[in-house]
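This report concerns only the one structure given below.
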Amino acid sequence: GNSVTQMEGPVTLSEEAFLTINCTYTATGYPSLFWYVQYPGEGLQLLLKATKADDKGSNKGFEATYRKETTSFHLEKGSVQVSDSAVYFCALRVKDTGRRALTFGSGTRLQVQP
Amino acid sequence: EAQVTQNPRYLITVTGKKLTVTCSQNMNHEYMSWYRQDPGLGLRQIYYSMNVEVTDKGDVPEGYKVSRKEKRNFPLILESPSPNQTSLYFCASQGARSSYNEQFFGPGTRLTVL
């Protein structure tokens with residue numbers, strides 16, 4: 001089956017620190033990979049995605065590279081801000097005929113202190 | 001504004017009392033889905049719908065029903081709620097053009113069953 005493993009949180013950083021949140025996956029087939037972000041009291045928002053090996057997704061200063069050889073999709077940001085405090089979910093989806101179910105990791109809470 | 005709305009946002013109920021959580025999207029999306037989010041488990045798909053009158057089970061459908069009588073609405077029905085259905089529920093929708101299009105999530109409904 002499909003599964004996503006993320007590092008457990010919370011991750012606590014000071015403002016302007018470098019962020020890495022690890023994500024590895026197992027999948028039957030060739031998945032697309034996603035990072036979603038959930039701000040307090042809100043639904044999930046797509047942060048970035050990559051659909052094939054070696055693709056780099058990027059948005060709002062966040063980046064993640066699809067590494068097929070290590071089955072990983074680690075999220076990075078060079079300088080975090082207090083406003084980045086949220087829960088981050090790594091997810092995958094294998095192309096199918098209709099179900100389109102996303103398989104999520106358990107989420108990593110990021111707390112950025114001023 | 002393109003959005004997915006859910007009501008209610010918070011609900012406390014008792015075992016066995018039927019309830020419905022509504023979901024509506026204004027993007028004319030064919031695909032809609034329900035997920036539940038539980039600590040340490042990420043999000044798991046309950047049911048999904050490819051279009052009006054077309055619904056199917058996800059990973060955790062037991063104890064839930066859905067209907068899709070109109071394109072914009074996809075209510076989640078708990079005929080006889082039990083405490084193990086206490087969770088955070090998210091509705092999502094997606095357009096049909098590409099299976100890798102972004103899924104848009106609602107703000108969530110926090111349900112407590114006593």
Side-chain angles (χ1 to χ4, degrees), chain A residues 1-10 21 23-52 55 57 59 66 73 86-109, chain B residues 1-7 9-10 21 23-25 29-51 54-61 68 74 87-110:
Chain A
N2 303 325
S3 67
V4 176
T5 302
Q6 299 181 226
M7 58 190 292
E8 288 195 18
I21 300 178
C23 170
T24 57
Y25 68 89
T26 59
T28 55
Y30 199 169
S32 288
L33 302 174
F34 305 84
W35 276 100
Y36 279 82
V37 58
Q38 184 180 26
Y39 297 104
E42 298 184 12
L44 281 74
Q45 303 173 22
L46 180 64
L47 181 60
L48 53 85
K49 69 179 182 183
T51 58
K52 61 182 187 295
D55 267 2
N59 186 25
Y66 190 143
F73 193 54
V87 181
Y88 292 82
F89 291 91
C90 185
L92 68 82
R93 189 164 76 225
V94 178
K95 193 170 185 178
D96 57 35
T97 55
R99 217 187 113 190
R100 305 190 198 181
L102 288 156
T103 299
F104 286 88
S106 57
T108 302
R109 183 177 299 278
Chain B
E1 179 189 357
Q3 60 182 350
V4 179
T5 57
Q6 295 178 226
N7 282 292
R9 294 289 310 277
Y10 302 90
V21 182
C23 172
S24 182
Q25 50 91 6
H29 285 167
E30 288 79 8
Y31 174 91
M32 298 184 75
S33 178
W34 277 102
Y35 291 85
R36 60 178 288 173
Q37 181 183 6
D38 301 292
L41 296 177
L43 280 76
R44 294 176 292 169
Q45 191 184 51
I46 303 170
Y47 268 94
Y48 69 98
S49 170
M50 293 297 295
N51 214 322
V54 181
T55 64
D56 208 345
K57 298 176 181 178
D59 293 317
V60 288
R68 189 89 183 274
F74 189 45
S87 188
L88 180 59
Y89 292 86
F90 288 100
C91 181
S93 74
Q94 181 181 335
R97 288 183 183 178
S98 164
S99 61
Y100 295 121
N101 274 352
E102 177 180 355
Q103 288 194 16
F104 292 83
F105 284 81
T109 295
R110 185 167 293 281

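So you know, we letter chains A, B, ... as the sequences are listed, proteins then strands, and number each from 1.
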Before you tell me yes or no, could you show the steps for B:D59 and A:T103 under side-chain contact (heavy atoms from CB on, under 4.5 Å), namely the whole-Å CA-CA distance, both residues' side-chain angles and the distance that decides it to 0.1 Å? CA-CA 10 Å; B:D59 293 317; A:T103 299; 5.9 Å; no
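In terms of heavy atoms, B:Q45 sits closest to A:A101 at OE1-CB, 3.3 Å. The shortest heavy-atom contact between B:L43 and A:F104 is CB-CD1, 3.5 Å. Here the shortest heavy-atom pairing between B:F90 and A:E42 reads CE2-O, 4.2 Å.
Within the 4.5 angstrom heavy-atom criterion, no atom of B:R110 approaches chain A. Within the 4.5 angstrom heavy-atom criterion, only backbone atoms of B:L41 (N, CA, C, O) approach chain A. Heavy-atom distances place no part of B:F104 under 4.5 Å from chain A, backbone and side chain included. Proximity to chain B is limited to the side chain of A:Q38, based on heavy atoms less than 4.5 angstrom apart. Heavy atoms of B:Q37 lying under 4.5 Å from chain A belong exclusively to its side chain.
The line from CZ of B:R44 to CG of A:L102 is 15.0 Å long, rounded to the nearest 0.5 Å.
Residue B:R9 qualifies as enclosed at atom CZ: its count of foreign heavy atoms under 6.0 Å is above 12.
Looking at heavy atoms from C-beta onward, B:Q103 lies out of side-chain contact with A:L46 at the 4.5 angstrom threshold.
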